[in-house]
Number of protein chains: 2
Amino acid sequence: MKIGELARRSGRSTHTLRYYERIGLLPPPRRDGSGQRDYDASILVWLAFLERLRATGMPIREMLDYAALRARGVETAQTRCNLLEAHRERVREHMCLLQASLEVLDTKIEGYHATLHEETSRI
Amino acid sequence: MKIGELARRSGRSTHTLRYYERIGLLPPPRRDGSGQRDYDASILVWLAFLERLRATGMPIREMLDYAALRARGVETAQTRCNLLEAHRERVREHMCLLQASLEVLDTKIEGYHATLHEETSRI
DNA sequence: GCTTGACCTGGAGTGCGCTCCAGGCCGTAA
DNA sequence: TTACGGCCTGGAGCGCACTCCAGGTCAAGC
């Protein structure tokens with residue numbers, strides 16, 4: 001699979017894919033006769049996983065740590081697992097904060113509705 | 001209240017408070033005899049509200065829109081309410097995405113646990 | 001043969017939200 | 001009186017995660 005197709009199928013731009021490779025988040029793929037990248041379909045799984053990490057706010061620096069551990073093989077499984085568990089905990093905390101802020105927002109909006117209703121009925 | 005105290009009480013740095021003022025997110029406070037900012041305690045309420053917007057991921061640009069509407073007075077209440085409601089909807093969507101990603105993370109971690117357990121019991 | 005479009009590289013640029021710096025003023029306490 | 005801490009300004013710098021550019025190669029279709 002060439003970079004354009006991978007971009008389409010993974011939802012990234014070709015720019016981003018090359019950038020990820022440059023910083024070490026994607027393994028360098030093999031190249032075809034004319035030097036163009038030729039990806040294995042399995043890379044889509046890795047990209048999908050990275051997207052979950054990204055969506056939950058993990059900084060790239062930390063993804064790099066994870067990727068480096070992964071490259072060192074099975075003996076780092078425990079460390080990777082710990083890393084993911086720590087991240088999960090942060091995500092949970094973030095969601096709690098969002099939930100609390102959402103409630104404040106609800107209250108604020110409710111206040112606007114009350115005021116606006118008063119305005120209307122006063123006319 | 002001087003800027004240092006406001007920083008302490010609002011959880012921002014003095015740098016950030018001056019920055020917010022510069023971009024129009026905080027109204028310019030009065031100054032004391034020697035030109036130092038002298039804040040009214042009521043500004044804490046506004047800062048706390050901004051913090052909720054920030055925590056839920058509203059870009060500063062949009063906070064500025066809100067602040068500008070607010071400055072125009074009561075006739076913009078409906079528009080401000082709409083703005084907050086649209087934002088609330090985005091936050092809800094974001095939370096759904098986080099929830100889904102959290103579940104993927106759980107599955108992944110579960111997989112690590114299974115593998116690690118297998119490793120252990122094979123020894 | 002020529003055009004088109006996808007690909008290549010190294011490096012510069014972007015937008016966001018701060019964060020810090022230099023150089024200076026002011027009021028209080030030792 | 002001098003040292004200190006906190007304040008002032010305009011403007012530069014930073015970290016992040018991309019995003020784009022110039023200038024080039026290459027394969028396929030007309």
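These values consider heavy atoms only, across backbone and side chains, with no hydrogens, waters or symmetry-generated copies. Chain A is the first sequence line, chain B the second, and so forth, proteins listed ahead of strands; every chain is numbered from 1. Predicted, not measured: the structure shown is a model, and the values here were computed from it.
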| What orientation do A/Tyr66 and A/Phe49 show, parallel under 30°, tilted 30 to 60°, or perpendicular over 60°? | tilted

| message | Quick one, A/Thr79 with A/Thr76, criterion side chain to side chain donor-acceptor pair (under 3.5 Å). Give me CA distance, side-chain angles, the key distance, then yes/no. | response | CA-CA 5 Å; A/Thr79 315; A/Thr76 64; 6.0 Å; no

| query | For B/Leu25 and C/dG17, what is the distance between atoms CG and P respectively, to the nearest whole Å? | reply | 10 Å

| field | Distance, rounded to the nearest Å, where B/Gln36 contributes CD and C/dC25 contributes P | value | 14 Å

| remark: Against the side chain of A/Arg37, the closest entry in C/dT9, D/dT9, D/dC7 is C/dT9

| Between B/Arg31 (CZ) and C/dC26 (P), how many Å, whole number? | 14 Å

| query | Looking at CD1 of B/Ile43 and CE of B/Met1, how far apart are the two atoms once the value is rounded to the nearest 0.5 Å? | reply | 9.0 Å

| said: Quick check on C/dG11: is either OP1 or OP2 less than 4.0 Å from any side-chain nitrogen or oxygen of A/Arg18? | reply: no

| Atom OH of A/Tyr39 and atom C1' of C/dC7: how far apart are they, to the nearest Å? | 11 Å

| task | Mark yes or no for whether B/Arg12, through its side chain, and B/Leu47, through its backbone, hold a donor-acceptor pair below 3.5 Å. | result | yes

| request: Please state how far atom CG in B/Leu53 lies from atom C1' in C/dG17, giving the value in whole angstrom units. | output: 15 Å

| message | Rounding to an integer number of Å, can you tell me how far A/Asp32 CG sits from C/dA6 C1'? | response | 11 Å

| Global bending angle along the helix from C/dG1-D/dC30 to C/dA30-D/dT1, which compares the axes of five pairs at either end, to 10 degrees | 20°

| Rounded distance in Å - CD (B/Glu21) to C1' (D/dG10) | 14 Å

| field | Path from A/Ile23 to A/Leu83 over hydrophobic side-chain contacts below 4.5 Å | value | yes

| task | Show your working on salt bridge (charged side-chain N to carboxylate O under 4.0 Å, His left out) between B/Glu89 and B/Arg92 and close with a plain yes or no. | result | CA-CA 5 Å; B/Glu89 203 42 49; B/Arg92 282 183 181 150; 3.3 Å; yes

| query | For the atom pair CG (A/Asp106) and CD (B/Glu85), what is the distance rounded to the nearest 0.5 Å? | reply | 10.0 Å

| For every nucleotide of nucleotides 14-20 of chain D, 5' to 3': is a protein heavy atom under 4.0 Å from its base (B), only from its sugar-phosphate (S), or from neither (-)? | --SBBBB

| message | Just the rounded figure in Å: distance from P of C/dC20 to CZ of B/Arg12. | response | 16 Å

| query | Above 12 or not: heavy atoms from other molecules or residues under 6.0 Å from CZ of B/Arg30? | reply | yes

| field | Member of A/Arg9, A/Lys2, A/Arg8 meeting the salt bridge (charged side-chain N to carboxylate O under 4.0 Å, His left out) criterion with A/Glu5 | value | A/Arg9

| query | Is the phosphate of C/dA6, meaning OP1 or OP2, less than 4.0 Å from a side-chain N or O of A/Arg8? | reply | no

